[in-house]
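First the structure, in the form of structure tokens, and then the observations on it.
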Amino acid sequence: MAIVITQMVMEDFNSEKMAYEKAKKRAKEIRGFYYNLMMYCTIIPILITINLVFTPEFYWFWFSMLGWGTGLLCHGMAAFGYNPFLGKNWEEKKINELIEKETRKQNYYHQNIK
């Protein structure tokens, strides 16, 4: 009985620890996105000003603005977990699939070694 209770407590502890680590990673990704957004909002106006002052005949700032903006959009989508191409639960399904595959491989390995 004590072993079962100990296992239940350890499982709860592990799941809480995993949830904390996942939330911590997600918060770090979101912070990185906000930093990237802040740099974009600071540097793009500087590039526009430089472009308009020194070479007003050619608007090259669009290349930087659109390129970096596309990267920023993708970064934001990843940070906030929005992925229209792979679905909402794709990452969880893939993780479970890889864990199952690794478990089968280990079971096969252990059965053939004995």
Side-chain angles (χ1 to χ4, degrees):
M1 182 70 171
I3 294 173
V4 172
I5 292 173
T6 305
Q7 286 177 339
M8 290 171 53
V9 170
M10 290 303 294
E11 286 175 7
D12 288 343
F13 176 75
N14 287 338
S15 64
E16 286 178 20
K17 185 176 179 182
M18 286 175 52
Y20 174 78
E21 291 299 324
K22 190 173 183 178
K24 185 177 176 182
K25 180 182 175 192
R26 183 88 182 265
K28 187 175 182 179
E29 291 171 358
I30 292 171
R31 183 181 65 211
F33 166 71
Y34 283 133
Y35 178 77
N36 194 355
L37 179 63
M38 183 178 66
M39 290 293 104
Y40 181 84
C41 292
T42 302
I43 293 173
I44 291 298
I46 293 170
L47 291 176
I48 292 171
T49 303
I50 290 171
N51 180 194
L52 295 178
V53 168
F54 293 106
T55 56
E57 64 278 355
F58 180 66
Y59 296 147
W60 52 261
F61 71 87
W62 287 106
F63 300 112
S64 302
M65 191 167 78
L66 293 174
W68 192 352
T70 302
L72 184 63
L73 177 67
C74 293
H75 190 178
M77 289 171 56
F80 290 102
Y82 178 72
N83 192 337
F85 306 110
L86 298 175
K88 292 182 181 182
N89 298 323
W90 179 85
E91 185 176 358
E92 288 296 324
K93 289 178 184 175
K94 194 63 176 177
I95 289 170
N96 290 333
E97 176 186 320
L98 293 172
I99 289 172
E100 185 178 319
K101 185 177 179 181
E102 186 63 28
T103 304
R104 279 191 307 229
K105 205 185 302 183
Q106 287 178 0
N107 288 341
Y108 177 79
Y109 177 76
H110 288 302
Q111 288 172 357
N112 290 332
I113 296 256
K114 291 182 180 182

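All of these numbers come straight from a predicted model, not from anything done at the bench.
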Exercise. Taking all atoms of both residues into account, what is the closest heavy-atom pair of Glu29 and Ala79, and its distance?
Worked result: O-CB, 3.7 Å
Problem set entry | Common cluster, Met39/Met77, ILVMFWY with side-chain heavy-atom separation under 4.5 Å | no
For this session: Indicate if Phe54 and Trp62 have the same hydrophobic cluster label, given that clusters are the connected sets of ILVMFWY residues with side-chain heavy-atom separations under 4.5 angstrom.
Result: yes
For this session: To the nearest 0.5 angstrom, please state how far the CG atom of Asn96 sits from the OG1 atom of Thr103.
Result: 10.0 Å
Exercise. Is there a side-chain contact between Lys101 and Arg104, using heavy atoms and a 4.5 Å cut-off?
Worked result: yes
Exercise. Do you reckon Met18 sits in the same ILVMFWY cluster as Ile95, going by side-chain contacts under 4.5 Å, direct or chained?
Worked result: no
Problem set entry | Validation row: Lys24, Tyr20 side chains within 4.5 angstrom (heavy atoms) | yes
Exercise. When rounded to the nearest 0.5 angstrom, what is the spacing between OG1 in Thr42 and CG in Leu37?
Worked result: 9.0 Å
For this session: Please name all residues satisfying side-chain hydrogen bond (donor to acceptor under 3.5 Å, both in side chains) with Trp60, sequence neighbours left out, ordered by chain then number.
Result: Thr55
For this session: Would you mind reporting whether Asn51 and Tyr59 have side-chain heavy atoms less than 4.5 Å apart?
Result: yes
Exercise. Would one find more than 12 heavy atoms of other residues, nucleotides or ligands at under 6.0 Å from atom OH of Tyr34?
Worked result: no
Exercise. So which heavy atom on Pro56 is nearest to which on Val53, and how close?
Worked result: CD-O, 4.2 Å
For this session: Check whether any side-chain heavy atom of Lys28 sits under 4.5 Å from a side-chain heavy atom of Arg31, and report yes or no.
Result: yes
Exercise. Relative to each other, are the rings of Phe63 and Phe58 parallel, tilted or perpendicular (30° and 60° limits)?
Worked result: tilted
For this session: Would you please name every residue forming a ring-ring contact (aromatic ring centres under 6.0 Å, His included) with Tyr40, sequence neighbours left out?
Result: Trp68
Problem set entry | Minimum heavy-atom distance between Met65 and Ile48, given as atom pair plus value | SD-CD1, 4.4 Å
Problem set entry | Sequence-distant partners of Lys94, salt bridge (Lys or Arg N to Asp or Glu O under 4.0 Å), two or more places apart | Glu97
Exercise. Do Ile46 and Leu72 belong together in a cluster built from hydrophobic side chains that touch within less than 4.5 Å?
Worked result: yes
Exercise. Is it true that Leu47 and Met38 fall in one hydrophobic cluster, defined by side-chain heavy atoms closer than 4.5 Å?
Worked result: yes
